[in-house]
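Every value quoted in this text rests on a predicted model; they were computed, and no experiment measured them. Letters A, B, ... mirror the listed sequences (proteins, then strands); counts begin at 1.
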There are 2 protein chains.
Amino acid sequence: MEQLRNLPLFAGMTDGEIERQIEALRGQRGRVEKGSVLIRQGERVDRFGILLEGRLQGHQVDADGSLSVVSTLGVGMMFGEILIFSDCPAPVTLVALTDCRILWLGPMDLSRTHPTLIGNLLSTIAGEYWALHQKIAYCGIVSLRKRIFAFLSDRSVAAGVPFTVPFDRNGMAAYLNADRSALSRELSRMRNEGILDYHKNRFTLFVSAL
Amino acid sequence: MEQLRNLPLFAGMTDGEIERQIEALRGQRGRVEKGSVLIRQGERVDRFGILLEGRLQGHQVDADGSLSVVSTLGVGMMFGEILIFSDCPAPVTLVALTDCRILWLGPMDLSRTHPTLIGNLLSTIAGEYWALHQKIAYCGIVSLRKRIFAFLSDRSVAAGVPFTVPFDRNGMAAYLNADRSALSRELSRMRNEGILDYHKNRFTLFVSAL
DNA sequence: AAAAATCTGTTGCCACGGCAACGAAATTCA
DNA sequence: TGAATTTCGTTGCCGTGGCAACAGATTTTT
């Protein structure tokens, strides 16, 4: 309960309302062990989940058969909540990176769902939409250096200096869709030129524009 | 009314329900002339719109000051509907490409909104989310040729042969984020190799895999 | 119908960045 | 604590694809 109260989905709701809504959404807690597949690409989905413990990862097989990592989910994050409102099959496979505890919810009857919860749901989905939009904006920048800088610059104004990025190098490269070694190379150059400094995923920018 | 009934937002609702909901959403029709700005990047937005007539275009200025076209909207499409559920400022500027007629709706009180309309709204937003997701999937393909082919291949299975794409060359290049001339060059090559044929935005694929 | 504007194809140049391969550092596991 | 695994930086190679510039075709404007 303590945990549920802090979830964005239940923001602004009383404990009683939360309990009643979970009931209405046929909530049930479950465990899955490392390696399990929660959602299979191509499947139809009619319930969504909240990750109470553990880590998940979204995989996608492209048309040519190559596999790519789409997203990584941590505690408190939701999955499948967008899918249940689409008529399309799951475009990604969701795998448990570790043993997980999950709160399953759905199917959802909107006429019996609390407006606050619906609002929270919409906010969450909207946020995820703009997150994708942002990623696309970065990927539209042709020069790798400018792409990296735009990303770091945004993080810097959002989080101050120094700041951390929620990625390891591989993840950061994937997000900016660049090659990992190319990313490392460019970061080194920028460090040598005095544009920034970093250690692992902790960065400091020394200039505000390129 | 005739027109409203066919909008995805009002799908499955009776005329009476539609009218009542428009009233609850403080709906008002408006006109804007070519060149007007409907939403300015950075602004807060508390109402959304449905394009009844005309064409709109979304622009975005990157961190380095360069302008890029993000999207183009046609009759029946909504705009701002995701924004009103976010706490972030508008990431794009929306400009009228032609004279337009618009139905403005909002602010929205979820507790007074018909569940069906909420469902339609969620479906629409979910659809837009997966559309972005798809675009990102394409952009993740490193080889331009494979990127183009993945795109055309998907359109082909969805729409048969021959099929049309909703873009001119510029738009298609932007969507696949590629350079227009590079796109033309690659399409030519593929045509010469007998992989496909095309005229303007009408394509025919001759192979199903690359 | 002429003129202006837009869209499309083509081509040469060449640098950016993907790829592979390797070693070092760091983290995880036994 | 040592071994195994993963992460990260570095470097050489070289092909892809961005860029610029131009011509023809198509569309729109007046």
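Within the structure, side-chain hydrogen bond (donor to acceptor under 3.5 Å, both in side chains) pairs that include any residue of residues 150-165 of chain A comprise Tyr138(A)-Asp154(A) (at least two apart or interchain). Note on residues 22-43 of chain B: no pairs pass salt bridge (Lys or Arg N to Asp or Glu O under 4.0 Å), not counting sequence neighbours. Pairs engaging residues 194-210 of chain B under the side-chain hydrogen bond (donor to acceptor under 3.5 Å, both in side chains) rule: Arg191(B)-Tyr198(B) [sequence neighbours left out]. Each side-chain hydrogen bond (donor to acceptor under 3.5 Å, both in side chains) pair with one or both residues in residues 89-104 of chain A, not counting sequence neighbours, appears once here: Glu53(A)-Arg101(A). Residue pairs meeting the salt bridge (Lys or Arg N to Asp or Glu O under 4.0 Å) criterion with at least one member in residues 2-12 of chain A, sequence neighbours excluded: Glu2(A)-Arg5(A), Arg5(A)-Asp15(A).
Defining each end axis of the helix from dA1(C)-dT30(D) to dA30(C)-dT1(D) as the rotation carrying four pairs' C1' atoms onto the next four, with five pairs an end, the two axes are found to diverge by 70° to 10 degrees.
Protein chain B touches strand DNA chain D; the 5'-most and 3'-most nucleotides with an atom under 4.0 angstrom of its non-hydrogen atoms are dG17(D) to dT27(D).
Residue Ser188(A) is in sugar-phosphate contact alone, with no base atom involved, counting any heavy-atom pair closer than 4.0 Å across all strands shown.
Annotation: ring pair (Phe, Tyr, Trp, His ring centres under 6.0 Å) contacts of Phe167(B) (sequence neighbours excluded): Tyr175(B). Every side chain to side chain contact (heavy atoms under 4.5 Å, CB included) that Met77(A) has, sequence neighbours left out, goes to Leu73(A).
At least one donor-acceptor pair under 3.5 Å links the side chain of Gln60(A) to the backbone N or O of Pro91(A). Looking at Arg180(B), its side chain never comes within 3.5 Å of a backbone N or O of Ala173(B) through a donor-acceptor pair.
Here the shortest heavy-atom pairing between Arg169(B) and Ser184(B) reads CD-OG, 4.1 Å. Contact record, Glu186(A) with Arg145(A): OE2-NE, 3.0 Å, taken as the closest heavy-atom pair.
Within a 6.0 Å radius of CG in Asn192(B), other residues, nucleotides and ligands contribute more than 12 heavy atoms. In this structure, Asn6(B) places its CG atom where more than 12 heavy-atom neighbours from other residues, nucleotides or ligands lie under 6.0 Å away.
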Item checked: Working for side chain to side chain contact (heavy atoms under 4.5 Å, CB included), residues Gln41(B) and Val92(B) -> CA-CA 5 Å; Gln41(B) 188 171 351; Val92(B) 302; 5.8 Å; no

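Of the residues in residues 193-207 of chain A, those lying under 4.0 Å from DNA chain D by heavy-atom distance are Tyr198(A). Within residues 168-176 of chain A, the residues approaching DNA chain D are Asp168(A), Arg169(A), Asn170(A), by heavy-atom distance under 4.0 Å.
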Expected rows: protein N/O vs nucleotides 16-19 of chain C N/O, under 3.5 Å:
unit_1: dG17(C); atom_1: OP1; unit_2: Val142(A); atom_2: O; d: 3.2
unit_1: dG17(C); atom_1: OP1; unit_2: Leu144(A); atom_2: N; d: 2.2
unit_1: dG18(C); atom_1: OP2; unit_2: Asp179(A); atom_2: N; d: 3.0
unit_1: dG18(C); atom_1: N7; unit_2: Arg185(A); atom_2: NH2; d: 3.2
unit_1: dG18(C); atom_1: O6; unit_2: Arg185(A); atom_2: NH1; d: 3.2
unit_1: dG18(C); atom_1: O6; unit_2: Arg185(A); atom_2: NH2; d: 3.2
unit_1: dC19(C); atom_1: N4; unit_2: Ser181(A); atom_2: OG; d: 3.4

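Ring geometry for Tyr129(A) against His133(A) counts as parallel: the plane angle stays under 30°, on a 0 to 90° scale with 60° as the upper cut.
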